Protein chains: 2
Amino acid sequence: MKRSLEHITYGKDTEALAKFAKALGHPTRIAILKHLENQSCCFTGDLVDVFPLAQSTISQHLKELKNAGLIQGELKPPKIKYCINQENWQTAKTMFKDFFER
Amino acid sequence: MKRSLEHITYGKDTEALAKFAKALGHPTRIAILKHLENQSCCFTGDLVDVFPLAQSTISQHLKELKNAGLIQGELKPPKIKYCINQENWQTAKTMFKDFFER
DNA sequence: AAAACCTATCGTATATTTGCGATAAGAAAT
DNA sequence: ATTTCTTATCGCAAATATACGATAGGTTTT
C-alpha cells in the first residue's frame, strides 16, 4: 500500500458503526452471537464443541467480539463465562436501526 | 492455513447477515452509503470528489457494495448512477433488526 | 507438589482486503 | 475518426484476517 494519505478519518459514528459491522462480518461470529442469544451466556468450551474449529480459533473470534464490545467475559474459575454486553448491544442495535432508517 | 475442514457452512440467514455486515465493515463504505442516503443517488465521480481516495479505490468499494446487493448501478451514459437497492436494503434492515432483537 | 482442566497467546502459513497507478473499455462530443 | 470523459479492471505491494498446532498461564483437584 502506498498509503501516504494521512489515514483518513470519518465521523465518530461512521467509524463506530463500521467497527461493529466488521465484527459481525464473519459467519462464525454471527453464529457465536446467535448461540449466546439463546443461552444468554456460555463458556468457550461449549463453543468448541459446537463448531468444527480449533479451540484457538474460537478464542480468537471471541477476542474480536470482545474488542468490538459486543460480548464480555466473566471470570468463573476455571472457566470464563461469555455474555452479550447489553449496553453496547443496545448501542449497536440503535446505530444499525438509525443507519437503515432513512 | 491448514483448512482441511471442508469449508464450514452455516445457515443461509447466518451467511447472508455476515455478508451484509462484511460489506458494511469499512468506514469508507459506510460513508458512501450515508452519502447515498442523502442524495438518494450519485455518480462515481461525485464520490471521488468527496473522498480523498483514488478513483480506482472508490470504484472497488462500490463494486463490493454492489456485490453485497446494497447498491445498484444504472447506466446513464457516459456516467453511472448509483442508488441504494431498496429491496435488499429492506432485507438487510430486517435481518439486522431481527438479529439484535432477542 | 503434581496432575488435570480450561482458556489465551504465540508463531506460522495462507487468504483476503485495501490502496494505488496504469491501462482498458465504453459512450459522447468534436 | 479522433479526442474526451467517465468508470472498470489489472497488476502490484502492504496490511489484515483466518486458521491451525503448540505452548503458556491460571485454577482446581488429587
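These numbers were taken from a predicted model, which means no experiment stands behind them. Order of the sequence lines sets the chain letters (A, B, ...), proteins ahead of strands, with each chain counted from 1.
- Within the 4.5 Å cutoff, the side chain of B:Lys97 has heavy atoms near those of the B:Glu101 side chain.
- To the nearest angstrom, C1' of C:dA8 lies 15 Å from CG of A:Leu47.
- In this entry the distance linking CG of B:Asp49 with P of D:dT6 reads 10 Å, nearest Å.
- Neither OP1 nor OP2 of D:dT7 sits under 4.0 Å from any side-chain N or O of B:Ser56.
- Comparing C:dG19, C:dT7, C:dA22 by their nearest atom to the side chain of A:Tyr82 picks out C:dT7.
- Summarising the geometry, the separation between CD on A:Gln55 and C1' on D:dA24 is reported as 12 Å, rounded to the nearest angstrom.
- At whole-Å resolution of the value, CD1 in B:Ile80 and C1' in C:dA25 are 11 Å apart.
- For the pair A:Asp46 and B:Lys22, both in contact range of DNA chain C, the more 5′-proximal nearest nucleotide belongs to A:Asp46.
- Considering only side-chain atoms of B:Ala54, the nucleotide from D:dA17, C:dG21, D:dT7 that sits closest is C:dG21.
- Listed by first and then second residue, the ring-ring contact (aromatic ring centres under 6.0 Å, His included) pairs that reach into residues 22-67 of chain B are B:His26-B:His61, sequence neighbours excluded.
- Side-chain nitrogen and oxygen atoms of B:Lys79 include none within less than 4.0 Å of the OP1 or OP2 phosphate oxygen of C:dA27.
- The closest donor-acceptor contact from the side chain of A:Glu15 to the backbone of A:Tyr10 lies under 3.5 Å.
- A close approach under 4.0 Å does not occur between any side-chain nitrogen or oxygen of A:His26 and OP1 or OP2 of C:dT16.
- Within 6.0 Å of CD on A:Glu74 lie more than 12 heavy atoms contributed by other residues, nucleotides or ligands.
- Going from atom CZ of A:Phe99 over to atom OG1 of A:Thr94 covers 15.0 Å, rounded to the nearest 0.5 Å.
- Considering CD of A:Gln90 and CG of A:Asn85, their distance stands at 10.5 Å, rounded to 0.5 Å.
- Ionic pairing of B:Glu64 and B:Lys22 is not present here: no N-O contact between side-chain nitrogen and carboxylate oxygen is shorter than 4.0 angstrom.
- To the nearest angstrom, C1' of D:dG25 lies 12 Å from CG of A:Leu75.
- A heavy-atom distance below 4.0 Å to DNA chain C is reached by these residues of residues 57-73 of chain B, ordered by number: B:Thr57, B:Gln60, B:His61, B:Glu64.
- Counting to the nearest Å, the P atom of D:dA8 and the CZ atom of B:Phe43 are 12 Å from each other.
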